[in-house]
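First comes the structure, then the notes that go with it.
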Amino acid sequence: MRRKNDPAPIRTGRSPAASAWRVEEGLPHGGCGLASRHAVVGLTKNSAVMYGPKGLRFNAVAPGATITNIVATWGSQLAAVRLGPLMQSTVPTPATAAQLAASITFLLSDDGTNVNGAVLASDGGWSAL
């Protein structure tokens, strides 16, 4: 990899990826979405192993619920029955875009210099449920 107009190869770098929200669990989102989230995690870890010795870092952020202007309804009666009670229990507060960006900024900063191949759950505690 080379910088634009620079013949010297890049010796360090960072690559965060937005990834799987609760990738460890089979939620009623459909198999294709779950498979693609697992793929991001696998590529993140593989890239960290392969290119870490060259000074490159690869990490992923697994965001939880994030406040947007999107309004969602239950698209599936099965999902409403299975997940409705969980959603009415102690559910972490959704993150703001700035809170999610802070997690990504940490991974890109020098403070995250020793983090490589990690999937950072930026979910307010969802992954603990």
Side-chain angles (χ1 to χ4, degrees):
M1 186 181 325
R2 299 184 187 276
R3 293 182 198 98
K4 186 176 179 182
N5 299 326
D6 187 355
I10 295 174
R11 301 260 190 259
T12 62
R14 303 165 186 105
S15 176
S19 179
W21 173 61
R22 298 181 75 153
V23 72
E24 307 85 16
E25 301 174 18
L27 295 175
H29 292 47
C32 294
L34 185 64
S36 64
R37 290 188 296 274
H38 277 282
V40 170
V41 172
L43 287 171
T44 297
K45 291 179 180 290
N46 179 264
S47 297
V49 169
M50 297 300 293
Y51 301 105
K54 297 180 185 288
L56 300 174
R57 292 188 287 139
F58 293 84
N59 296 293
V61 175
T66 306
I67 297 170
T68 66
N69 62 349
I70 299 171
V71 177
T73 59
W74 290 108
S76 159
Q77 183 61 32
L78 177 61
V81 169
R82 298 259 171 102
L83 297 177
L86 174 66
M87 298 298 285
Q88 294 171 6
S89 67
T90 307
V91 175
T93 305
T96 64
Q99 289 171 318
L100 186 57
S103 299
I104 296 168
T105 302
F106 164 73
L107 290 174
L108 292 172
S109 74
D110 289 337
D111 291 336
T113 192
N114 198 40
V115 180
N116 193 18
V119 178
L120 176 64
S122 182
D123 62 4
W126 268 97
S127 55
L129 293 176

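In this text, all values refer to a predicted model and were calculated from it rather than measured experimentally.
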Report task. Would you mind reporting whether Leu120 and Asn59 have side-chain heavy atoms less than 4.5 Å apart? Result -> no
**Report entry** Nearest non-hydrogen partners of Leu100 and Ser122, listed with the distance
**Finding:** CD1-OG, 3.6 Å
**Report entry** Non-neighbouring partners of Ser47 that pass side-chain hydrogen bond (donor to acceptor under 3.5 Å, both in side chains), sequence neighbours left out
**Finding:** none
Requested in this report: Taking side-chain contact (heavy atoms from CB on, under 4.5 Å) as the test, write out the residues that go with Ala95, two or more places apart.
Outcome: Gln99
Query raised in the report: Where is the tightest heavy-atom contact between Ala97 and Thr66, given as atom of each residue plus distance?
Result: N-CG2, 4.3 Å
Query raised in the report: Roughly how far, to the nearest 0.5 Å, is the CG atom of Leu107 from the CG atom of Asn116?
Result: 10.0 Å
Report task. Measure across Ser127 and Ala121 and return the closest heavy-atom pair with its distance rounded to 0.1 Å. Result -> OG-CB, 3.8 Å
Query raised in the report: At what distance, to the nearest 0.5 angstrom, does OG1 of Thr113 lie from CZ of Arg57?
Result: 5.0 Å
Query raised in the report: In chain order, what residues pass the side-chain contact (heavy atoms from CB on, under 4.5 Å) check against Asp111, with sequence neighbours excluded?
Result: Phe106, Ser109
**Report entry** Heavy-atom closest contact (Leu56 atom, Phe58 atom, distance)
**Finding:** CB-CE1, 3.7 Å
